[in-house]
> 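Next up is a structure, given as structure tokens.
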Amino acid sequence: MEFDFSKIEEEVKKFWDQENVYRVEPDPSLPKYYVLDMFPYPSGAGLHVGHPLGYIASDIYARYKRLKGFNVLHPMGYDSFGLPAEQYAIQTGQHPKITTDKNIETFRAQMDKLGFSFDWSREVRTSDPAFYKWTQWIFIRLFHSWYNCKTDRAEPIESLILEFAQNGNAGVDAVSDQVSTFSAEEWSNFSAKQKSDILLNYRLAYIADSWVNWCPALGTVLANDEVKDGVSERGGYPVERKLMKQWSLRITAYAERLLQGLEKIDWSDSLKESQRNWIGKSEGCSVRFEVNGEGGTPLHRRGDGGEEDTLNVRKPGGYLTGEKSLGSILRDNARENRQAPTEAEEMLWQNIRNRKLEYKFRRQHPVANFIADFVCLQKKLIVELDGNDHKQNKEYDHERTRELERLGYKVIRFWNDEVLKNLSGVLSKIRDELKARPDLLTPDPSPEERGIDPSSPEKLFIEVFTTRPDTIFGATFITLAPEHELVGKITTPEYKKQVDEYVHYAKNRSERDRMADVKKVTGQFSGAYVEHPFSGKPIPVWIGEYVLATYGTGAVMGVPGHDERDHRFASHFGLPIVSILKDVDVTEKSFDDKQGILANSDFLNGLEVKDAISKTIDEIEKKGIGAGKVNYKLRDAIFGRQRYWGEPIPIYYDEASIPNTVEENELPVVLPEVDKYLPTETGEPPLARAKDWKYKGKFDYEHTTMPGWAGSSWYYIRYGDPHNQNEFASQKAINYWQNVDLYVGGDEHATGHLLYVRFWTKFLFDLGLIPFDEPAKKLVNQGKIQGRTLLINEELVQNPRTQEIVYHAFLSDGIKGKVSQYKLDGSFYTRQTQWPIRPPLISYVDKDREILYEENLKKAIEENGDIAFKKESAQKIEWLIESETNKKYIKLSWAPDKMSKRYGNVVNPDDVVTKYGADCFRLYEMFLGPIEQHKPWDTKGIDGCFRFLKKFWRLFNNEEGKWLVNEEEPTKEELKILHRTIKKVGEDIESMSFNTCVSAMMICVNELSQLDCHKRKTLEPMLLLLSPFAPFISEKLWQQLGHKESIVKAKFPQHDESLLVETSFEYPVAVNGKTRVKMNFDLNLSNDQIEKEVNSAEALQKYFEGKTPKKVIVVKGRMINVVV
RNA sequence: GCCCGGGUGGUGGAACUGGUAGACACGCAGGACUUAAAAUCCUGUCGCCCGCAAACGGCGGUGCGGGUUCAAUUCCCGCCCCGGGCACCA
């Protein structure tokens, strides 16, 4: 038979389908093995050659494990909710389900061509109601759970309610946002709404005002991991911080376990490191500094009670959300503004307060992250007054207006003068607007309505978090974040103006601005002092934007001697810098290392840093001014998305606006149909458009949907029992298949999916629903296959003063280095650059030879004009070229780059398969190098694999299609070749070193061809070795050998070590480390005998240069080294 | 800045716990078969030196500079470069 791969692949595929060879069921008599690929999102672009890399690797491994006698679960499905389909829906009006289904079809067709051994009967799709029913079910479980620090696990909320009813919350040790305590009696007297609000502070799924990453362009919030460098990961749109009511998951409860769990799983170092970074644990200590007035007069706490949280001592496993403290900052600020209204503000206020215009107005009220001058919440109407300085803030105000409008507010503005001169006109305009706006029945309660406002005189403390408590005697100042809630309270009157200005400045800088110039030192003295808890000395309190409000307590003790940032701050403002380590000078530079002997530190003197840290914590705890404390960077995961194409959150709101979960027997909450996939006019998410979509016909459903990572956080469990209608998976399936043995996927999911799936797994484990607490024992990150981007080398000679380009040339790759001779004159400078050739220019390039002909470039310029360089320079083009047959051209260089449709460098696997076959494609992708490594796609090397397959085929069939296999006994040499290969391939598959497997098989086939060996007894085992890599051709040849059952069901050969034993070895003999000659010795000879022979060896005498060898080192079976 | 990876021919890459650096493959050069091409096969291919040439031989060589060792791509110290993660995280 002829080697016609497309016919073979077609035939074999049919055979597999008929025989259902990849179907698996639990079988207690066999050991299981679970190989999983990361869930693909079915994008419209289909697969490119980079995608299947991981699938091929996992498929080889799965097939190998099957041959080794394991019952292998190897499923595939689709993460089919997601933004791109929805963006497309918004543009075209087409339902995302239609697009998604179509894309899935393309994906499936592409995957089918590649010969994967997936059990497709187990396919799941996250957007399938039968699947997301259980995603919703798990959400409900999260909602009805809290994290008990005493037992260090999640528990049903009922146990907490019981505790509240019996003992109040004082004895509860939970990860929560609850700050105030209450007794059992108080609990019983709380209204249903109050109880609900309190429980939300404990639930693992909760709704609360949180600072979120709002992406206006996508119209949704994003999780932290979906934001990179201030822009959205998908699409690259700007993201801003915003305070919103949001569903979140309390992943922070699991911070420590997520960190510890990394120790026991076999994942790559870099991935574990990313997760560790993301969790960001730091151990240290909180310290409270008492605030004194200048003259030692204590300042008194004023304002909000219920805010003692900044002073709280950490409960194990707990943490403090910085975002929450920002909320109170806004409120504080609002309160201050209220006390100093302008004349116009006051006048307007007197005329609209107390429902003078029928509706209740509030002044200086926080809305999102702004403070509105006046707002009517019932009508979502904001009235802003602008002074004369308004012009400077025009842009800012514009932004703010847009943002508020997005939230459904209407903003109207008046000038101060208008109010003063034409009050009645202003009032009637406001009245008109009020009339025109729809009524909102449940206005948000104001902070005053929500909280209590006892103004009991109390001492003020600043609490800091530090990882270096040992440096406490080196603290020469305290710095507060500008947003810190104490800023307004401690600032002394004479510094009020400067502080206000500074805070205003700092607040108006965006995150990105701050990130951009971190080196810039800014700050402001508050006038206040705190008392050093040990020395009693006064320490000034500063405000500086280098302190983050969201980390720790939003305040630091400035230790300029031993913290680089503090040193910069202190040097800039002339604050004292002291060293607390013996013989360490810190005047120029801080000494941040945790080593040395303490000095200038009272009771710490003479101690090592490490001992000093624990000693200090002891003392601090003894004094009751702080405690050892652990901080995590990890934040709770925002779970709601203002999007259509996602799982509905199974929550409805009752008459009292209390969130309740939908009855389990009513799941799934099916995604309703909507007329448009856009937010409503009032800024509600798209689900608000759904007609008559009410729970039990009357209650509002939650309108946000779940994020993309919801379904993928547990899908691997579903594969074990994908069609179960009564449970998320049966206990039988879960107990048999357990967790994933080998998980293959990209490292871009390090801090997203892979953290969330671990979180959900631990949660389900806590509830006793699964018997394991990690999703995957071993995880391999496949590298990306990069595209090739062609680069053009360009040189400019430029006049530095006029910037005029006087000379401009494209350089051929080979003569890049020779440009200096073309410099015109010393006063000009040359610049060499390379830029990528992208569409449309790419179409003018001879891609096979990677050259650009002069005529084509000229044509490109003519047809497209300004392609990638300035016209004027294009006219000055000169050439440093190579030429062949009088045709001028530039040889281009290239570099690996992202494979992307936009860059015109995408290679479609279908094309490769058509040309070389799937087997060859699989083999080549593996042959390219280690799977974890990123590597550029280059079709040039694929011929080698193609030749190998043909050669392999020709061991069975000759060119005329004649069958060559015979039944002769293999020779010893042939057996040795075979068994060496079996050993090598077996070992290398185990260690996932697939490239060397392919090499080993190539060597084997080369050798067998050389020996003209066509013996069944050598070829049949070879076929089994090849079958995980090239399943089609292997199956075909297997059939030709006369087997009726698929090769998939066969057994992997076992190598026979005895056949590999060599009797002698050709030793390289080195003299003084340099290999000189080769000598053959029997492996049974003793080292002494070899030494004797070597010493007298004729061939070596000349290297001894007459000296006698001092020593002979013999490494058995390796080499011999003679020392002279 | 900190933390992880990594740096080997023209290219992708190989080298077990320190033991013949460059396996295997691509590309290139030459040759065989052929009217020719494709396909296939054979030979050579790290650099430099000696040499008409080949065999043979010599020297250097795994980012750079040191060190340990009989022996270093591998271990140690110091640096440079590339990729990735985190980033005023106290």
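Reminder, nothing fancy here: chain letters follow the sequence lines and each chain counts from 1.
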> Please classify the nucleic acid contact of Asp566(A) as base, sugar-phosphate, or nothing, using heavy-atom distances under 4.0 Å.
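If one applies the 4.0 Å heavy-atom cut-off, Asp566(A) turns out to touch nothing in the nucleic acid.
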> Distance between the C1' atoms of C80(B) and G10(B), in whole angstroms?
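Nearest-Å result for C80(B) against G10(B) at atom C1': 24 Å.
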> From C-beta outward on Phe927(A), which listed nucleotide comes closest to its side chain: C88(B), A25(B), A23(B)?
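Minimum distance to the Phe927(A) side chain belongs to A25(B).
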> Does G84(B) have OP1 or OP2 under 4.0 Å away from a side-chain N or O of Ser274(A)?
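Negative; the distance criterion is not met.
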> Going by purine N1 to pyrimidine N3 plus the second Watson-Crick contact, or the G-U wobble pair, all under 3.5 Å, which nucleotide sits opposite A21(B)?
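The answer is none; no pair meets the criterion.
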> Out of C24(B), C86(B), A90(B), which nucleotide sits closest to the side chain of Asn1006(A)?
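Output: C24(B).
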> Between Arg922(A) (side chain) and Phe1029(A) (backbone), is there a donor-acceptor pair under 3.5 Å?
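Judged by distance alone, yes, a pair lies under 3.5 Å.
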> Rounded off to whole Å, could you give me the CG-to-P distance for the Asn277(A) and C4(B) pair?
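Atom CG in Asn277(A) sits about 10 Å away from atom P in C4(B).
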> Just compare C41(B), C70(B), A14(B) and give me whichever is closest to any side-chain atom of Val1123(A).
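So the nucleotide nearest the side chain must be C70(B).
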> Looking for any heavy atom pair under 4.0 Å, which part of the strands does Leu928(A) touch: base, sugar-phosphate only, or nothing?
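Leu928(A): backbone/sugar contact only, no base atoms under 4.0 Å.
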> CD1 of Ile543(A) versus P of A90(B): gap in Å, rounded?
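These atoms are roughly 22 Å apart.
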> Of Asp943(A) and Pro930(A), whose nearest nucleotide on RNA chain B comes first from the 5' end?
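Whichever sits nearer the 5' end wins; that is Pro930(A).
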> Rounding to the closest angstrom, what is the interatomic distance between C46(B) and C26(B) at atom P?
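Nearest-Å result for C46(B) against C26(B) at atom P: 16 Å.
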> Select base, sugar-phosphate, or nothing to describe what Gln933(A) touches, counting heavy atoms under 4.0 Å on all strands.
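Touches sugar-phosphate only.
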> Would you say the ring centers of Phe477(A) and Phe569(A) fall short of 6.0 Å from each other?
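Yes.
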> Report the distance from atom CG of Asp563(A) to atom P of G1(B), rounded to the nearest whole Å.
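So the two atoms are 16 Å apart, to the nearest Å.
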> Of the nucleotides C70(B), C3(B), U40(B), which has the atom closest to the Lys950(A) side chain?
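The answer is U40(B), which lies nearest to the side chain.
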> Under 4.0 Å between any heavy atoms, over every strand shown, what does Lys281(A) touch: base, sugar-phosphate, or nothing? Just pick one.
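Nothing: the residue Lys281(A), judged by heavy atoms under 4.0 Å, touches no strand.
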> Between C89(B), A14(B), C42(B), which nucleotide gets closest to the side-chain atoms of Thr996(A)?
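For the Thr996(A) side chain, the nearest candidate turns out to be A14(B).
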> Return the value, rounded to whole Å, for the distance between atom CG of Asp747(A) and atom P of G85(B).
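These atoms are roughly 8 Å apart.
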> Does a distance-only test, which skips hydrogens and angles, find a donor-acceptor pair under 3.5 Å between the side chain of Arg276(A) and the base of C3(B)?
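It does not, because no donor-acceptor pair links the side chain of Arg276(A) to the base of C3(B) below 3.5 Å.
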> Provide, to the nearest angstrom, the distance between the NZ atom belonging to Lys951(A) and the C1' atom belonging to A39(B).
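Distance check: Lys951(A) NZ to A39(B) C1' gives 14 Å.
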> Of the options G13(B), G19(B), C24(B), whose atoms approach the side-chain atoms of Asn995(A) most closely?
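Of the candidates, G13(B) comes closest.
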> Return whichever of Gly941(A) or Ile1113(A) has its heavy-atom-nearest nucleotide of RNA chain B closer to the 5' end.
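The residue mapped nearer the 5' terminus is Gly941(A).
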> Tell me whether His567(A) contacts the main-chain N or O of Val586(A) through its side chain, where contact means a donor paired with an acceptor under 3.5 Å.
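Side chain of His567(A) to backbone of Val586(A), a donor-acceptor pair under 3.5 Å: yes, one is there.
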> For the C1' atoms, the ones on G66(B) and on G84(B), what distance do you get once it is rounded to whole angstrom?
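Pairwise C1' distance, G66(B) against G84(B), rounds to 30 Å.
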> Please determine whether salt bridge (charged side-chain N to carboxylate O under 4.0 Å, His left out) holds for the pair Glu263(A) and Lys272(A), giving the CA-CA distance in whole Å, both sets of side-chain angles, and the decisive distance to 0.1 Å.
CA-CA 9 Å; Glu263(A) 302 298 330; Lys272(A) 287 192 198 180; over 6 Å; no
> Given C26(B), C4(B), A90(B), identify the nucleotide with an atom nearest to the side chain of Glu273(A).
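Closest of the options to the side chain of Glu273(A): C4(B).
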> Suppose you measure atom P in G12(B) against the same atom in G19(B); what distance do you get, rounded to whole Å?
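Each nucleotide's P atom is 24 Å from the other's.
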> Return the pairing partner of G30(B) with a 3.5 Å limit on both distances, Watson-Crick or G-U wobble; otherwise return none.
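Across any shown strand, G30(B) pairs with C42(B).
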> Identify which nucleotide among A71(B), U40(B), C3(B) has an atom closest to any side-chain atom of Asn1121(A), counting heavy atoms from C-beta outward.
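In terms of side-chain proximity for Asn1121(A), the closest of A71(B), U40(B), C3(B) is A71(B).
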> Whole Å only: how far is the CG atom of Asp4(A) from the C1' atom of A39(B)?
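For the pair Asp4(A) CG and A39(B) C1', the rounded distance is 15 Å.
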> Which residue in the set Val464(A), Ile625(A), Val541(A) passes side-chain contact (heavy atoms from CB on, under 4.5 Å) when paired with Phe289(A)?
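That would be Val464(A).
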> Checking all strands, does Arg947(A) fall into the base, sugar-phosphate, or nothing category for heavy-atom contacts under 4.0 angstrom?
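Sugar-phosphate contact only.
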> Pairing check on C59(B): which nucleotide meets the Watson-Crick or G-U wobble criteria with it, both distances under 3.5 Å?
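Per the H-bond distance test, G47(B).
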> If you measure from the P atom in G63(B) to the same atom in U73(B), how many Å do you get, rounded?
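Looking at atom P only, G63(B) and U73(B) are 9 Å apart.
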> Going by purine N1 to pyrimidine N3 plus the second Watson-Crick contact, or the G-U wobble pair, all under 3.5 Å, which nucleotide sits opposite A53(B)?
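Partner of A53(B): none found under 3.5 Å.
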> Could you tell me the separation between the CD atom of Glu564(A) and the CG atom of Asp592(A), rounded to the nearest 0.5 Å?
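Answer rounded to 0.5 Å: 6.5 Å.
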> Using purine N1 to pyrimidine N3 plus N6-O4 or O6-N4 for Watson-Crick, or N1-O2 and O6-N3 for G-U wobble, both under 3.5 Å, which nucleotide pairs with C75(B)?
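G67(B) is the nucleotide pairing with C75(B).
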> For nucleotides U69(B) and U17(B), find the distance between their P atoms and express it as a whole number of Å.
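Per the computed distance, 23 Å lies between those P atoms.
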> What nucleotide, of G85(B), C24(B), C89(B), holds the atom closest to the side chain of Leu548(A)?
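The listed nucleotide nearest to Leu548(A)'s side chain is C89(B).
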> Ring-plane angle category for Tyr916(A) and Phe946(A), please: parallel below 30°, perpendicular beyond 60°, tilted otherwise.
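Ring orientation of Tyr916(A) relative to Phe946(A): perpendicular.
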> Using a cut-off of 4.0 Å on non-hydrogen atoms, how would the nucleic acid contact of Gln1010(A) be classed: base, sugar-phosphate, or nothing?
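Since only primed, P, OP1 and OP2 atoms lie under 4.0 Å of Gln1010(A), the category is sugar-phosphate.
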> Please tell me if Arg954(A) has a side-chain N or O lying less than 4.0 Å from either OP1 or OP2 of C41(B).
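Looking at the OP1 and OP2 atoms of C41(B), one of them is under 4.0 Å from a side-chain N or O of Arg954(A).
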> How would you label the glycosidic angle of G84(B): syn (within 90° of 0) or anti?
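Glycosidic conformation of G84(B): anti.
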> Determine the Euclidean distance between corresponding P atoms of C82(B) and G30(B); express it in Å to zero decimal places.
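It works out to 39 Å between them.
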> Glu564(A) CD to C2(B) P: how many Å, rounded?
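Computing the Glu564(A):CD to C2(B):P distance gives 9 Å.
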> I need the minimum non-hydrogen distance between Leu258(A) and Arg758(A), along with the two atoms involved.
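Heavy atoms only, the tightest pair is O-NH2, 2.7 Å.
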> For the pair made of NZ in Lys983(A) and P in C16(B), what is the distance, rounded to whole Å?
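In whole Å, C16(B) P and Lys983(A) NZ are 14 Å from each other.
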> Are any of the side-chain heavy atoms of Gln933(A) and Asn995(A) separated by less than 4.5 Å?
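The answer is no; the side chains never approach within 4.5 Å.
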> With C1' as the reference atom in both, quote the distance from C86(B) to A14(B) in angstrom, rounded to an integer.
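Roughly 34 Å separates the two C1' atoms.
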> Of the nucleotides C86(B), C4(B), A25(B), which one has an atom closest to the side chain of Met1002(A)?
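The closest nucleotide is A25(B).
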> Quick one: look up who G1(B) pairs with, Watson-Crick or G-U, both distances under 3.5 Å, and put none if it's unpaired.
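Because both required distances fall under 3.5 Å, G1(B) counts as paired with C86(B).
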